[in-house]
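Throughout, residue positions are numbered sequentially from 1 according to the sequence presented. Every number for a ligand or one of its atoms is a count from 1 in the order of the listing.
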Amino acid sequence: MKTLILGGTREARELAHIASGEPGFDIVSSLAGRVRDPMLPDGAVRVGGFGGVDGLREWLAANRIAVVVDATHPFAGTISANAAAAVADLRLPLVHLRRPSWSAQPGDRWFRVPDLAAAAKTAAELGDRVFLTIGRQGVGAFAGSTRAWFLIRAIDPPDGPLPPQHELLLARGPFTVEDEARLLADRRIDVVVTKDSGGDQTDAKLTAARAAGLPVVMIDRPALPAGGVVVETVAETWKWLCEQRETCG
Ligand code: NAP
């Protein structure tokens, strides 16, 4: 069964690892090509955008794809929407693998906001030394914050304008709670800004912020498009894939 895995996440790599060793599955993983040195999944991989909905539809048809798995990051809203539109036209089954959102625990001081603009506004109200841990995309929304100082952490340098007062820290998770606590203390951080990415790869900063009593500006995820099946784990996705093939390995 020819299967496209839209990837760029640990879950996508785990799924590719399971499926690429399974008889009867012909898997190709797709990466956007944003990160300079990406962690590659097992099996066939293609890299780069498809060219919008039309390009993706044409690619799916040309490659005789039977099933699409959207295992992209919860904030990769455009490719999820494009996948939903393209499979609707071709009448292909689609599953969205979305890890659960983070949820606040006792002691957390979270300020949920709908988008980056609201995050910049809320962070400015909460502190002067901001730990901006939203990845390399979206940092430009904070470029107009001239009063605060920012510790910007990302895997690769952000494109576009940055806030005038900042330190850029290039690093790839996972990070330990101890490392995050040391970072918060060393840089005298008074507010943390993050996307609600979910998962356990980057949640140590939340534990460290809780322990330090720091506020966290939590940016909500974009909504998923209608139409596809939504699951939360790699195991559920694999079960769904097996059902499409009507046999399970
Ligand atoms: P996005 O805003 O939803 O997509 C923008 C464009 O990038 C899409 O229209 C598509 O270009 C291309 N694209 C995105 N994901 C792709 C994929 N897996 N394969 C081929 N093309 C893809 O996506 P994004 O937020 O820039 O994220 C890009 C990639 O990084 C995704 O694979 C995602 O899983 C990963 N990632 C994102 C974040 C995040 O915070 N956004 C964090 C970790 C990992 P065309 O229209 O030309 O097809």
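Shown in contact with Q137 at under 4.0 Å from a heavy atom are these atoms of ligand 1, numbered in order with element: 24 (P), 25 (O), 26 (O), 27 (O). Close approach of ligand 1 to S30 is summarised as follows: ligand atoms under 4.0 Å from at least one heavy atom of the residue are 17 (C), 18 (N), 19 (N), 20 (C). When each atom of ligand 1 is checked for a heavy atom of K195 under 4.0 Å away, the hits are 39 (C), 40 (O), 41 (N). Those atoms of ligand 1 that come under 4.0 Å of a heavy atom in N82, given as number and element, are 9 (O), 46 (O). Heavy-atom contacts of G52 reach the following atoms of ligand 1: 45 (P), 46 (O), 47 (O), 48 (O) (cutoff under 4.0 Å). Within the listing of ligand 1, atoms 3 (O) sit less than 4.0 angstrom from a heavy atom of G77.
For ligand 1, the polar-atom distance check against T9 finds no nitrogen or oxygen pair separated by under 3.5 Å. At under 3.5 Å, not a single nitrogen or oxygen of R46, backbone or side chain, sits near a nitrogen or oxygen of ligand 1. For G51, a nitrogen or oxygen atom sits less than 3.5 Å from a nitrogen or oxygen atom of ligand 1, counting backbone and side chain alike.
The protein heavy-atom contact nearest to atom 43 (C) of ligand 1 is H73 CD2, 3.3 Å. Ranking the protein heavy atoms by distance from atom 28 (C) of ligand 1 puts A32 CB, 3.7 Å first. Protein heavy atom at the shortest distance from atom 32 (O) of ligand 1 is G7 O, 2.7 Å.
No salt bridge links K205 with D179; every basic N to acidic carboxylate O contact stays at or beyond 4.0 Å. Comment: R13 does not engage D42 in a salt bridge, judged by the lack of any side-chain N to carboxylate O separation of less than 4.0 angstrom. By the 4.0 Å N-to-carboxylate-O rule, R153 lies close enough to E180 to be salt-bridged with it.
The aromatic rings of F50 and W59 lie perpendicular to each other, with more than 60° between the two planes, well past the 30° mark.
The closest approach between any non-hydrogen atom of G55 and ligand 1 is not below 4.0 Å.
A side-chain contact (heavy atoms from CB on, under 4.5 Å) with F131 is found for one member of L183, L169, D190 and no other, namely L183.
Atom 30 (O) of ligand 1 is never approached by the protein to below 4.0 angstrom, counting heavy atoms only.
Considering each of I155, T78, L56, I134, the one bringing a non-hydrogen atom nearest atom 2 (O) of ligand 1 is T78.
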